[in-house]
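See below for the structure under consideration.
Reminder, nothing fancy here: chain letters follow the sequence lines and each chain counts from 1. Here the structure is a predicted model, which is why all the values come from computation and not from measurement.
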There are 2 protein chains.
Amino acid sequence: MTSVKDVARRAGVSVATVSRVLNDSPTVTPATRERVLAAVAELGYRRNAVARSLRTDATRTIGLVIGDILNPFFTELARAVEDEARTLGYSIVIGNADERPDRQDHYVRTLLEQRVDGLLLCPTAEITPLVRGTVRDGLPLVFLDRTLPGLQVPTVRADGAGAIAALVRHLRDLGHERIASISGPALLSTGRERTEAFTAAMRACGLPVRDRYLEAGDFRAGSGQAGAARLLDLPEPPDVIFVGDGLMALGALDEIRARGLRIPHDVALACYDDLPWFTHLDPPVTAIAQPVQELGRRAVRALAERIEDRPVASVVLTARLVVRRSCGEKEGSGPA
Amino acid sequence: MTSVKDVARRAGVSVATVSRVLNDSPTVTPATRERVLAAVAELGYRRNAVARSLRTDATRTIGLVIGDILNPFFTELARAVEDEARTLGYSIVIGNADERPDRQDHYVRTLLEQRVDGLLLCPTAEITPLVRGTVRDGLPLVFLDRTLPGLQVPTVRADGAGAIAALVRHLRDLGHERIASISGPALLSTGRERTEAFTAAMRACGLPVRDRYLEAGDFRAGSGQAGAARLLDLPEPPDVIFVGDGLMALGALDEIRARGLRIPHDVALACYDDLPWFTHLDPPVTAIAQPVQELGRRAVRALAERIEDRPVASVVLTARLVVRRSCGEKEGSGPA
DNA sequence: TTGTACGCGTTATCAG
DNA sequence: CTGATAACGCGTACAA
């Protein structure tokens, strides 16, 4: 690989001058700048970011550790993150935790060694010693989507409580009473919050909350299927299943279809997270949509601020209910 | 940040010894190793991969430039790549080209500066000067999914010609004659190959190939919708639309639904690439499934070989047809 | 078995 | 405005 030395020799200047040109320092004659640039072009020189980082103590790189790259929510999130990062001049090193704390820690460790300038983390579990240490050491860190209580770390997430309340009212208005949910794991803030919002909304609507209607999954397809199976095996199966994310919805759909059940006649379905293909199902799936793009962008911007040592606050956006037909339709709203 | 020096001081040894312990050199006394490890733990020392890379001229990092992170095909591919890379001890720096050659080049440039050990590229266009230069400079490079003719670069891809031929025969057996396709851009090998395989299969089946039934999209949802619209606006619209990838299928579905058309009665649909939710549509979508996981794994392994300077050959896996019901059903195969 | 010292490619400081 | 040179943190050849 050609280095500044080669360029310097070719241009007949010192390495210092080459460096100055490369970092467009103002203190350099147009003529020499010209010569250096010519040498750079002729040699096809490409600056070595590794050496540069060693010297400047910055990599212009941020780590992104997501829960599950197969989850459409995280995919869309990653896309937004990547987009905003590019705009700000950062590269993304990605880690897919696969919802496993050990994998999450593996990536955090690797990213720390790589000396990323900052870290965007969607925690997959309660606080691990490594994460606690990372916070203590002061590495710029922002939690995304999920948060960890008791840690002074800015979080960018969406609040779905309002949308969940609206959903429950919608279900009640449709005459449903036996409403079940398959939520995420209680270890995750998103799992907990959605369950709490759900039970609170049920009570607010005067609907009964039964323990056996509260299933906990792990945000992956298999657990959605298993949860739906347990629910449908109940002596008194629910009218409605509210699934905690898109992947589990896929699993629940598999189970419902395998049993030959019809939606919403035999069992209604609603999903936290909206997916592009939900509109193509028959009936289209009622869902709660998060402002995913915005979440990703805001997180990157927050992290960039932290990297530049400016204080940043957490941001909470709001999710919204998208009513479609998978929970039934209001009387009188059908064809006359 | 604590460095080897700090560890050395703390352990009462030289930096060389610390380094030896860290790279578990055999020539070190258990006792001193113990002391060093203790110092490492006490100080919370984490080795600096940047400095290490500068010295060893290797980053244990590979670049992955994909066509479009929103495309489920690439998402699944990325997941497999990431998985295999972790197994082999590599980190992934990801770039989302968004199907734009300029973005592709942006990432290639960045990754070269970062000194990735190798590059996995899904080319978004014909050969760019940058890509040509990269090949010439000898950076370990493997093309994934798509290839670029005229370049000596190993490619890992799936051949869909057989599956496409099987699909066309399936369509013919079902009595379809006016078969249209919305393929990828002719600039991409995958676009070209799928179109060629399709027209060849049509001829082999004695079916007419009409130019106006040959639409070209760009592998994104919008172009699938636009292509479907043009096809359905034809004075003699096709019986079947064969869509070149999952994202365009989503767009085509949008258009079909917007027009209130029914599948397969009004127009049949088949898709290159299989998606998890295809089974939940009514009717389920007939698709061509690529061995995506295997593609990703093989690509990483090939790249790892190249990085270690071993010669590697291209690998061609085969896609397979998954018949479902979106193109109609064989007579007599329905309920008696 | 361990320590000393150099160099990887850059940037930044300090003279000139 | 430009050049010489130290330093970033690490791995390794060489010496002890």
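- Between A:T17 and D:dG3, a side-chain N or O to OP1/OP2 separation shorter than 4.0 Å is present.
- Atom CE of A:M1 is separated from atom C1' of C:dT10 by 16 Å (rounded to the nearest Å).
- Side-chain contact check for B:D145 versus B:T190: some heavy-atom pair is nearer than 4.5 Å.
- Contact annotation: A:R52 reaches the phosphate of C:dT11 (side-chain N/O to OP1 or OP2, under 4.0 Å).
- Within 4.0 Å of A:N23, counting heavy atoms only, lie sugar-phosphate atoms of the nucleic acid but no base atom.
- Between A:D57 atom CG and D:dA6 atom C1' the separation is 17 Å, expressed in whole Å.
- Atom-to-atom, CG of B:L54 to P of C:dC6 comes out at 17 Å; the value is rounded to the nearest Å.
- In this structure, A:R9 atom CZ and D:dT2 atom P are separated by 20 Å, rounded to whole Å.
- Following rounding to the nearest Å, B:D24 (CG) and C:dT2 (C1') show an atom-to-atom distance of 17 Å.
- OP1 or OP2 of D:dG3 lies within a sub-4.0 Å distance of a side-chain N or O belonging to A:S14.
- Here the nucleotide nearest the side chain of B:Y45, chosen from D:dT2, D:dG11, D:dC10, is D:dC10.
- Relative to the side chain of B:R55, the nucleotides D:dG3, C:dC8, D:dC8 differ in distance, and C:dC8 lies closest.
- Closest contact between the side chain of A:S3 and the listed nucleotides C:dT10, D:dC8, D:dG3 involves C:dT10.
- Taking 4.0 angstrom as the limit, A:T32 places none of its side-chain polar atoms (N or O) nearer than this to OP1 or OP2 of D:dC1.
- Of the side-chain N and O atoms in A:S53, none sit less than 4.0 angstrom from OP1 or OP2 of C:dT10.
- Listed nucleotides: D:dC10, D:dT2, C:dT2. Nearest to the side chain of A:T27: D:dT2.
- Of the candidate nucleotides C:dT1, D:dC1, C:dT10, C:dT10 has the atom lying nearest to any side-chain atom of A:N48.
- With respect to the salt-bridge test (charged N to carboxylate O, under 4.0 angstrom), the residues A:R220 and A:D245 do not qualify.
- OP1 or OP2 of C:dC8 lies within a sub-4.0 Å distance of a side-chain N or O belonging to A:K5.
- Taking atom CZ of residue B:R20 and atom P of nucleotide C:dT4, one finds them 11 Å apart after rounding to whole Å.
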* To do: With side-chain contact (heavy atoms from CB on, under 4.5 Å) as the test, would you mind laying out the steps for A:L144 and A:L77 before giving the verdict?
  => CA-CA 9 Å; A:L144 182 48; A:L77 196 60; 3.8 Å; yes
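- Checked against C:dG3, C:dG9, C:dT11, the side chain of A:T56 finds its nearest nucleotide in C:dT11.
- Comment: A:R60 does not engage A:D117 in a salt bridge, judged by the lack of any side-chain N to carboxylate O separation of less than 4.0 angstrom.
- Across all strands, B:V13 comes closer than 4.0 Å only to sugar-phosphate atoms, never to a base (heavy-atom distances).
- With the nearest nucleotide of DNA chain D identified for both A:P30 and A:V15, A:P30 has the one nearer the 5' end.
- The side chain of B:R47 approaches D:dC10 more closely than any other nucleotide in the set C:dT1, D:dC10, C:dT11.
- Residues A:D98 and B:R86 have side chains not in contact (no heavy-atom distance under 4.5 Å, counting atoms from C-beta outward).
- When the P atom of C:dT2 is taken as reference, atom CG of B:L22 falls 15 Å away, rounded to whole Å.
- For B:D6 and D:dG9, the CG to C1' distance is 11 Å, given to the nearest whole Å.
- Here C:dT10 is the nucleotide among C:dT10, D:dG11, C:dG3 with the atom lying nearest to any side-chain atom of A:V4.
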* Show your reasoning for whether side-chain contact (heavy atoms from CB on, under 4.5 Å) applies to A:E99 and A:D218. => CA-CA 8 Å; A:E99 301 294 2; A:D218 63 1; 6.0 Å; no
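- Residue B:A16 is the one, among B:A16 and B:A51, whose nearest nucleotide of DNA chain C lies closer to the 5' end (criterion: closest heavy atom).
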